[in-house]
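We name chains A, B, ... by the order of the sequence lines, and we start the count at 1 in each one.
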Protein chains: 2
Amino acid sequence: MPRQDEQNKQIRDARSEQILQAAAQVFARRGMAAAKISDIAKEAGLSHGLVYHYFKSKEEIFTTLVKKASENSMDIIQQANQREGTPLQKLQWMTEQMIESIGSGEEVLLFLIMIQASTSDAVPEEVKETLKMSSPVEVTAPLIIAGQREGEIIQADPIQLTVTYYALIQGLAINKIQWQECPMPDPMMIINIFRKRGE
Amino acid sequence: MPRQDEQNKQIRDARSEQILQAAAQVFARRGMAAAKISDIAKEAGLSHGLVYHYFKSKEEIFTTLVKKASENSMDIIQQANQREGTPLQKLQWMTEQMIESIGSGEEVLLFLIMIQASTSDAVPEEVKETLKMSSPVEVTAPLIIAGQREGEIIQADPIQLTVTYYALIQGLAINKIQWQECPMPDPMMIINIFRKRGE
DNA sequence: GTCTATACGACGATAGAC
DNA sequence: GTCTATCGTCGTATAGAC
């Protein structure tokens with residue numbers, strides 16, 4: 001490959017990433033429907049025509065981001081599963097990672113976009129399918145059940161526990177985007193939802 | 001007032017309410033920006049022209065709903081404050097009300113709209129002001145502090161505790177809209193975030 | 001009070017110049 | 001590879017008929 005082409009590829013990759021980052025900002029703040037291509041272009045500091053040079057449509061940008069976000073959070077869950085320790089310890093580690101990721105504000109955008117994708121009818125069906133395929137609840141519930149068997153997690157419907165857990169995580173992410181400096185809870189406090197009392 | 005006018009007023013009020021209910025459905029599912037007047041009209045079973053006979057604009061409908069929602073949730077908090085019992089008992093009663101309201105699916109729509117209103121840049125500034133005026137966090141934090149003084153609530157930043165509490169409530173509401181049959185947690189489980197352990 | 005028809009503006013997407 | 005100019009569509013809001 002001639003040197004010219006290599007340079008072009010680098011430019012292409014850089015621009016692509018630049019657009020995705022800008023899009024994450026805009027989508028997170030305004031939602032899929034209200035986000036305008038011109039907003040994204042302005043945020044990225046380039047013309048709106050160029051956006052279409054790199055992505056087929058607004059939908060394609062959104063879809064790309066959702067996939068990325070989904071992979072990210074699945075990664076954390078998988079890693080938690082493979083760690084040493086009791087189920088509760090794995091959950092604790094996972095919670096620390098998520099709180100850290102939300103608190104730092106780095107990946108909270110992707111988090112928010114996932115929530116939008118799963119809650120708004122305004123997003124395309126294909127995207128929703130992507131999310132159903134890899135549902136955090138399904139992957140995390142077994143961990144809860146294991147913890148219950150070992151007696152370190154309270155006896156309650158495991159699905160209910162998992163849903164509650166993610167509701168809290170999602171709620172925190174939503175809060176964070178709106179109130180940048182809002183205090184994040186100690187991960188231990190969250191884990192206390194699960195832990196048996198008085199033992 | 002002639003009888004004719006009275007009847008007309010009744011019709012007007014009924015239609016107005018009908019439109020607001022339909023709008024709540026559509027806004028909750030699609031968000032302020034993505035919601036189309038034609039969607040609302042269809043949901044309410046009348047022409048889109050008639051919607052404009054009753055409301056000046058889409059924004060006015062949204063604003064009306066947000067105010068209504070804000071008053072609703074403030075009501076619950078105020079009522080909780082005026083009840084007999086310890087701060088923790090008040091919190092527990094409040095939590096029961098909220099879980100009940102979310103679980104029954106009746107007022108969850110208004111709840112969701114409040115969340116959208118506070119998190120999306122797509123909503124008008126006036127609406128956001130309304131919400132800042134009557135922030136649940138500000139009203140609830142004193143209750144938490146009182147509970148800490150009485151020693152029934154764990155020692156941690158009260159703002160942080162309050163934020164976490166509402167994050168969970170909001171997260172549950174969001175979940176509910178997307179997954180109608182999702183199991184709601186026992187209010188006691190939520191209160192356990194606050195309660196001191198081993199006492 | 002309710003409807004249909006239409007004006008008008010905004011935005012997604014494309015074409016073509018540089 | 002990047003930009004500006006433009007098209008076509010869709011949705012808000014209005015006007016006017018019934």
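Side chain of A:Leu50, nearest nucleotide from D:dC3, C:dG1, D:dA13: D:dC3. In this structure, of C:dA5, C:dA13, C:dG1, it is C:dG1 that holds the atom nearest to the side chain of B:His53. Side-chain proximity of B:Ile37 to D:dT4, D:dT12, C:dG12: nearest is D:dT12.
Here B:Tyr54 lies in heavy-atom contact (under 4.0 Å) with sugar-phosphate atoms only. Looking at heavy-atom distances under 4.0 Å, B:Ile11 makes contact with sugar-phosphate atoms alone, never a base. A:Ala35 comes within 4.0 angstrom of the backbone, heavy atoms only, and of no base.
The interatomic distance linking A:Ile61 (CD1) with C:dA13 (P) rounds to 9 Å, in whole Å. Distance A:Phe62 CZ to C:dG12 C1': 16 Å, rounded to the nearest Å. Look at CG on A:Asn8: it is 12 Å from C1' on D:dT2, rounded to the nearest Å. Whole-Å rounding puts the A:Phe55 CZ to D:dG1 P distance at 13 Å. What separates CD1 of A:Ile19 from C1' of D:dT2 is a distance of 11 Å, to the nearest Å. Distance B:His48 NE2 to C:dC3 P: 11 Å, rounded to the nearest Å. The distance between atom CG of B:Leu46 and atom C1' of C:dT4, rounded to the nearest whole Å, is 14 Å. Taking atom NZ on A:Lys58 and atom C1' on D:dC10, their separation rounds to 12 Å, with Å as the unit.
The shortest distance between the side-chain N/O atoms of A:Tyr52 and the OP1/OP2 oxygens of C:dA15 is not below 4.0 Å. When the side-chain nitrogen and oxygen atoms of B:Arg15 are compared with OP1 and OP2 of C:dG1, none of them lie within a distance under 4.0 Å.
Shown here is B:Gln155, whose CD atom has more than 12 heavy atoms of other residues, nucleotides or ligands within 6.0 Å. Remark: A:Glu129 CD is packed, more than 12 non-hydrogen atoms of other residues, nucleotides or ligands lying under 6.0 Å away.
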Convert the base pairs of DNA chain C into dot-bracket notation, remembering that pairs crossing earlier ones are written with [ ] and that bases paired across to another strand are shown as |; include only Watson-Crick or G-U pairs under 3.5 Å.
||||||||||||||||||

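The CZ atom of B:Phe111 lies 13.5 Å from the NZ atom of B:Lys176; values are rounded to the nearest 0.5 Å.
Ring pair A:Tyr165/A:Phe194 is tilted by interplanar angle, where 30° to 60° counts as tilted.
Looking at A:Pro187 and A:Ile190, their side chains never come closer than 4.5 Å, going by heavy atoms from C-beta outward. Contact annotation: the side chain of B:Ile102 approaches that of B:Ile169 to within less than 4.5 Å [non-hydrogen atoms, C-beta and beyond].
The only option from A:Asp186, A:Leu168, A:Asn175 that meets the side chain to side chain contact (heavy atoms under 4.5 Å, CB included) definition with B:Thr164 turns out to be A:Leu168.
Of the residues near DNA chain C, A:Gly49 and A:Lys36, the one whose nearest nucleotide (by heavy atom distance) lies more toward the 5' end is A:Lys36.
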